Protein chains: 2
Amino acid sequence: MQMDAKNLARVMPIGSLSDRTGVKVETIRYYEQVGLLPQPERSEGNQRRYGRAHVERLAFIKHARDLGFPVDGIRALLRLSDNPGMACDEAHAISVAHLDDVRHKIARLRSLEKELERIAATCSGGVTACDCAIIEALADHSQCGHDRH
Amino acid sequence: MQMDAKNLARVMPIGSLSDRTGVKVETIRYYEQVGLLPQPERSEGNQRRYGRAHVERLAFIKHARDLGFPVDGIRALLRLSDNPGMACDEAHAISVAHLDDVRHKIARLRSLEKELERIAATCSGGVTACDCAIIEALADHSQCGHDRH
DNA sequence: CTTGAACCTGAAGTGGCTAGAGATCGTATG
DNA sequence: CATACGATCTCTAGCCACTTCAGGTTCAAG
């Protein structure tokens with residue numbers, strides 16, 4: 001067993017970085033491949049060795065991904081974070097654009113929810129009464145709230 | 001020009017099927033490839049020829065996709081719709097499962113929305129005051145509603 | 001020194017399409 | 001009947017953000 005929690009923040013293998021950040025090993029390698037994470041130093045046997053800076057950068061990435069930022073947006077935010085000073089306006093623009101996107105998705109899902117509720121309610125699962133209202137509803141576009149006469 | 005709207009419901013080329021259903025030509029071929037649409041008859045010159053049944057089936061598929069059903073779910077619903085009688089319970093289960101999924105997505109997006117609002121609000125875009133609050137918020141997980149001490 | 005978990009690379013697979021290349025078909029005109 | 005040109009054909013690759021796999025190498029505990 002490795003003395004993980006304590007203070008190997010100095011030189012960590014990829015598995016420990018994974019444990020610390022909650023990002024899977026394969027995903028870490030993927031992030032390196034697409035240029036989100038810099039290439040770390042290697043052990044004599046060619047294994048990746050990470051330090052504190054990598055933990056922070058990966059945590060940043062993970063947090064942004066959890067918030068649904070696309071990888072390209074994260075790349076931009078990381079670039080800004082690397083060059084402080086010329087940052088704020090652009091970071092704000094990226095966030096607001098993403099917030100907009102999230103709101104659109106919510107709106108769309110809400111209307112889906114409504115129609116699914118309506119469709120599911122027409123048939124409560126008893127085999128008797130319907131044959132089958134759900135399938136009919138899907139087949140017949142005219143029943144739903146949308147157009148198409 | 002072809003007499004589209006009137007009554008070529010008998011034998012349609014793929015473009016007309018596309019126009020009637022709002023599903024792109026390439027997508028129609030894709031649906032055939034993955035087994036959602038049956039292989040249609042062909043003209044002497046090997047072009048697809050569709051009839052009324054295809055229009056209905058494709059409309060069904062489109063409606064379900066618009067509602068966010070995954071292709072596998074649609075495959076199941078189509079199977080049910082082909083074998084009426086043993087249908088209703090299973091169709092209901094599929095729909096309810098999907099509705100559940102949609103609700104989870106909504107809940108998740110709502111919490112994302114809240115946090116993005118909070119983060120974006122910390123820096124309103126003026127370069128002066130922040131350097132940069134958004135980037136700090138992303139870097140520092142401890143500020144947000146989640147855990148991690 | 002042996003074992004076995006962790007690590008390595010590179011390629012392919014996922015879902016649900018979309019886009020492109022390059023060839024062939026079908027039909028409205030001249 | 002010939003021509004032009006849009007519609008269609010097949011096949012392949014690309015998109016996003018990973019995930020999975022195969023087959024090998026390294027590291028560290030006992």
Side-chain angles (χ1 to χ4, degrees), chain A residues 1-4 6 8 10-37 39-50 54 58 61-78 98 101 105 108 112, chain B residues 1-4 8 10-37 39-50 54 58 61-78 98 101 105 108:
Chain A
M1 172 200 175
Q2 327 179 30
M3 40 161 192
D4 232 312
K6 264 217 163 148
L8 62 82
R10 214 59 48 130
V11 276
M12 247 177 291
I14 197 169
S16 308
L17 180 60
S18 171
D19 290 345
R20 288 198 158 216
T21 56
V23 179
K24 286 190 190 167
V25 166
E26 298 84 359
T27 306
I28 294 174
R29 285 195 284 249
Y30 169 75
Y31 285 158
E32 180 183 329
Q33 195 186 312
V34 299
L36 282 189
L37 272 181
Q39 299 187 347
E41 296 180 13
R42 300 285 185 131
S43 73
E44 285 188 25
N46 197 35
Q47 299 193 353
R48 291 169 179 81
R49 294 297 175 233
Y50 296 96
H54 292 98
L58 186 52
I61 294 169
K62 169 134 180 30
H63 195 180
R65 283 296 300 145
D66 284 348
L67 288 170
F69 280 92
V71 164
D72 272 358
I74 296 176
R75 218 188 304 273
L77 289 171
L78 281 170
H98 182 49
D101 189 43
K105 281 180 185 156
R108 173 164 162 68
L112 292 195
Chain B
M1 174 202 172
Q2 329 177 29
M3 40 159 191
D4 233 313
L8 64 80
R10 213 60 48 128
V11 276
M12 249 177 293
I14 197 169
S16 307
L17 180 61
S18 171
D19 290 346
R20 288 197 160 216
T21 56
V23 178
K24 287 190 190 169
V25 167
E26 298 83 358
T27 307
I28 294 174
R29 285 196 283 249
Y30 170 74
Y31 286 158
E32 180 183 327
Q33 196 185 313
V34 298
L36 282 191
L37 271 181
Q39 300 188 347
E41 297 182 12
R42 301 286 185 131
S43 73
E44 283 188 28
N46 198 35
Q47 299 192 352
R48 291 167 179 83
R49 296 298 176 229
Y50 295 98
H54 293 98
L58 186 51
I61 294 169
K62 170 135 179 32
H63 196 180
R65 283 297 301 146
D66 285 348
L67 288 170
F69 280 93
V71 165
D72 272 358
I74 296 176
R75 220 187 303 272
L77 289 171
L78 281 170
H98 181 49
D101 188 46
K105 280 183 184 154
R108 173 162 163 69

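First the proteins, then the strands, lettered A, B, ... as listed; each starts at 1. The shown structure was predicted, so the numbers you read here are calculated from the model rather than taken from an experiment.
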Interface polar pairs with nucleotides 9-13 of chain D, N/O, under 3.5 angstrom:
{"from": "D:dC9", "atom 1": "OP1", "to": "B:Arg48", "atom 2": "N", "distance (Å)": "2.7"}
{"from": "D:dC9", "atom 1": "OP1", "to": "B:Arg48", "atom 2": "NH1", "distance (Å)": "3.0"}
{"from": "D:dC9", "atom 1": "OP2", "to": "B:Arg29", "atom 2": "NH1", "distance (Å)": "2.5"}
{"from": "D:dC9", "atom 1": "OP2", "to": "B:Arg48", "atom 2": "NH1", "distance (Å)": "3.3"}
{"from": "D:dC9", "atom 1": "O5'", "to": "B:Arg48", "atom 2": "NH1", "distance (Å)": "3.4"}
{"from": "D:dT10", "atom 1": "OP1", "to": "B:Arg42", "atom 2": "NH1", "distance (Å)": "3.3"}
{"from": "D:dT10", "atom 1": "OP1", "to": "B:Arg42", "atom 2": "NH2", "distance (Å)": "3.2"}
{"from": "D:dT10", "atom 1": "OP2", "to": "B:Arg48", "atom 2": "NH1", "distance (Å)": "3.0"}
{"from": "D:dT10", "atom 1": "OP2", "to": "B:Arg48", "atom 2": "NH2", "distance (Å)": "2.9"}

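Taking only side-chain nitrogens and oxygens, B:Ser43 comes nearer than 4.0 Å to OP1 or OP2 of C:dG26. Between B:Tyr31 and C:dC17 there is a side-chain polar atom (N or O) within less than 4.0 angstrom of OP1 or OP2. In this model, the phosphate group of C:dG16 is not approached by any side-chain N or O of B:Thr27 to a distance below 4.0 Å at OP1 or OP2.
Heavy atoms only, all atoms of each residue included: A:Gly22 and A:Lys62 are closest at O-CE, 3.6 Å. Of all non-hydrogen atoms in B:Phe69 and B:His98, the two that sit nearest each other are N-NE2, 3.4 Å. In terms of heavy atoms, A:Thr21 sits closest to A:Leu17 at OG1-O, 2.8 Å. Residues A:Leu36 and A:Leu78 share a closest heavy-atom pair of O-CD1, 3.8 Å. Here the shortest heavy-atom pairing between B:Gly35 and B:Arg75 reads C-NH1, 4.2 Å. Among all heavy-atom pairs drawn from A:Val23 and A:Ser18, the shortest one is O-OG, 2.7 Å.
The interatomic distance linking A:Asp72 (CG) with D:dC16 (P) rounds to 7 Å, in whole Å. Rounded to whole angstrom, the span from the CD atom of A:Glu44 across to the C1' atom of D:dT25 amounts to 14 Å. Spacing between atom NZ of B:Lys62 and atom P of C:dG16 amounts to 15 Å, rounded to whole angstrom units. Between the P atom of C:dG15 and the CD1 atom of B:Ile74 lies a distance of 13 Å, rounded to the nearest Å. Distance CD1 (A:Ile28) to P (D:dC18): 12 Å, rounded to an integer number of Å. Protein atom CD1 of A:Ile61 is 14 Å distant from nucleotide atom C1' of D:dC18, rounded to whole Å. The distance between atom CZ of B:Arg75 and atom P of C:dG16, rounded to the nearest whole Å, is 9 Å. The CD atom of B:Glu32 sits 15 Å away from the P atom of C:dC17 (whole-angstrom rounding).
Residues passing the side-chain contact (heavy atoms from CB on, under 4.5 Å) test with B:Arg49, sequence neighbours excluded: B:Pro13, B:Ser43, B:Gln47.
Among the protein residues, B:Phe69 comes within range of no part of the nucleic acid, since none of its heavy atoms lies under 4.0 Å from any strand.
A 4.5 Å side-chain heavy-atom check between A:Arg65 and A:Tyr31 finds at least one atom pair inside the cut-off.
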What does the 5'-to-3' dot-bracket notation of DNA chain C look like when only Watson-Crick and G-U wobble pairs under 3.5 Å count, and pairs to other strands show as |?
||||||||||||||||||||||||||||||
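Mapping A:Arg65 and B:Gly15 onto DNA chain D by nearest heavy atom places B:Gly15 closer to the 5' end of the strand.
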After noting the C-alpha distance and the side-chain angles of A:Lys105 and B:Lys105, does the key distance pass the side-chain contact (heavy atoms from CB on, under 4.5 Å) rule?
CA-CA 9 Å; A:Lys105 281 180 185 156; B:Lys105 280 183 184 154; over 6 Å; no
